[in-house]
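For the single chain, residues carry numbers from 1 onward in sequence order. Counting starts at 1 for both ligands and their atoms, in listed order.
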Amino acid sequence: MNKKSLNIEFIEYDSTNGIDEDLLGLIDQAEGNLHNAYAPYSNFKVSAVCKMANGEIVSGTNQENGAYPSGLCAERVAVFAAKSEFPNQNIDKIVITTEHSSEQPVSPCGACRQVLIEYETTQNQSIELILKSGDSKIWHFKSIKDLLPFAFDGASILKKD
Ligand code: THU
């Protein structure tokens, strides 16, 4: 029997001090887009911005629907739009923001993590993930793997025989 453990590292910023200009711009853009969310049911607006390897920025906000499961989280709106528009470009970073201040910033749901990790795995380059909720501390992860260890890999389906 082996007892194993996992250590996850990330950077926590108390404020925007120390964050590079490029990332600050992305955070501003994500927060500036919050008003585009369509969240009449939850009243919980979320905004995500993807920075692609070619420098393009693609944004998304959560889009709800009266038939509840038909809506989509901001992260998936953003990454699906990004990969539809720029299928051959890697995603370098994704910034996720909400307007609701909380001690810990809001973190992506399990389904969004699964979608993000598949792009990370197939592009063979880590996707940085940055979280900020209102005036919360800012969390910066180097890889989606840090949020979804032991993830299911779609490649297992292709290798099954
Ligand atoms: N939501 C997101 O857009 N991203 C998250 O990471 C968590 C939740 C949305 C889904 C729904 O529109 C609202 O927030 C409340 O769950």
Side-chain angles (χ1 to χ4, degrees), residues 6 8-16 19 22-53 56-87 89-123 125-154:
L6 195 69
I8 295 170
E9 287 184 2
F10 60 98
I11 298 168
E12 180 179 81
Y13 296 92
D14 287 340
S15 69
T16 49
I19 297 182
D22 181 59
L23 186 49
L24 276 182
L26 295 176
I27 293 172
D28 277 353
Q29 212 165 329
E31 290 184 324
N33 289 340
L34 275 165
H35 66 95
N36 294 334
Y38 175 65
Y41 303 100
S42 70
N43 212 13
F44 191 80
K45 296 183 174 184
V46 185
S47 171
V49 161
C50 293
K51 169 101 185 267
M52 310 303 285
E56 292 282 352
I57 312 287
V58 184
S59 35
T61 52
N62 54 329
Q63 300 296 317
E64 297 184 349
N65 190 275
Y68 285 179
S70 306
L72 204 59
C73 294
E75 298 87 324
R76 272 177 288 166
V77 172
V79 288
F80 288 155
K83 294 303 286 186
S84 298
E85 210 172 333
F86 304 108
Q89 288 298 319
N90 286 0
I91 303 169
D92 279 348
K93 299 181 175 122
I94 180 164
V95 173
I96 303 160
T97 62
T98 71
E99 57 198 348
H100 305 279
S101 296
S102 46
E103 202 176 320
Q104 295 187 358
V106 168
S107 192
C109 77
C112 288
R113 292 175 199 212
Q114 186 66 40
V115 165
L116 284 163
I117 207 159
E118 179 146 337
Y119 288 124
E120 178 172 278
T121 307
T122 53
Q123 73 180 23
Q125 179 202 317
S126 296
I127 300 174
E128 291 179 41
L129 184 118
I130 299 93
L131 306 175
K132 181 175 188 283
S133 297
D135 57 11
S136 74
K137 295 188 174 176
I138 298 162
W139 285 2
H140 187 165
F141 295 85
K142 286 287 177 207
S143 164
I144 306 299
K145 274 198 206 93
D146 296 329
L147 279 98
L148 193 60
F150 310 114
F152 175 71
D153 182 353

query: Between the side chains of Glu128 and Ser126, does any donor sit under 3.5 Å from an acceptor?
result: no

query: Backbone, side chain, both or neither: what part of Cys109 comes under 4.0 angstrom of ligand 1, heavy atoms only?
result: backbone

task: Would you confirm whether the ring centroid of Phe44 sits within less than 6.0 angstrom of the ring centroid of His100?
output: yes

message: Do Asn65 and Tyr41 make a side-chain contact, defined as non-hydrogen atoms from C-beta onward lying under 4.5 Å apart?
response: no

message: Any donor-acceptor pair under 3.5 Å linking the side-chain atoms of Ser102 with those of Ser136?
response: no

Cys112 contact mode with ligand 1 (heavy-atom cut-off under 4.0 Å): neither

- prompt: What's the shortest distance from atom 3 (O) of ligand 1 to any protein heavy atom, and which residue and atom give it?
  reply: Ala74 N, 2.9 Å

message: In the complex you have, is atom 1 (N) of ligand 1 within reach of the protein, judged by whether a heavy-atom distance drops under 4.0 Å?
response: yes

query: For ligand 1, which atoms have a heavy atom of Glu75 less than 4.0 angstrom away?
result: 2 (C), 3 (O), 4 (N), 5 (C), 6 (O)

task: Answer yes if the side chains of Ser59 and Gln29 hold a donor-acceptor pair under 3.5 Å, and no otherwise.
output: no

task: From the options Pro40, Ala37, Ala78, Cys73, select the one whose nearest heavy atom is closest to atom 10 (C) of ligand 1.
output: Cys73

- prompt: Is the closest heavy-atom distance from Gly71 to ligand 1 below 4.0 Å?
  reply: no

query: Which residue holds the protein heavy atom closest to atom 12 (O) of ligand 1, what is that atom called, and what is the gap in Å?
result: Glu64 OE2, 2.5 Å

message: Does Ile138 form a side chain to side chain contact (heavy atoms under 4.5 Å, CB included) with Ile130? I'd like the steps, not just the answer.
response: CA-CA 7 Å; Ile138 298 162; Ile130 299 93; 3.8 Å; yes

task: Considering heavy atoms of the protein only, find what lies nearest to atom 9 (C) of ligand 1 and give residue, atom and distance to 0.1 Å.
output: Asn62 ND2, 3.5 Å

field: Which of the ligand 1 atoms, numbered from 1, are nearer than 4.0 Å to a heavy atom of Ser107
entry: 6 (O)

message: For the residue pair Ser47 / Asn33, report whether a side-chain donor-acceptor contact shorter than 3.5 Å exists.
response: no

statement: The answer for which part of Gln63 has a heavy atom under 4.0 Å from ligand 1 is neither

- line: Atoms of ligand 1 under 4.0 Å from any heavy atom of Ser42, numbered from 1 in the order shown, are 13 (C), 15 (C)

message: Name the residue from Leu6, Leu129, Ile8 that meets the side-chain contact (heavy atoms from CB on, under 4.5 Å) definition with Asp146.
response: Ile8

message: Checking Glu75 against Asn62: is there a side-chain donor and acceptor pair closer than 3.5 Å?
response: no

- prompt: Short list, please: which atoms of ligand 1 are under 4.0 Å from a heavy atom of Phe44?
  reply: 13 (C), 14 (O)

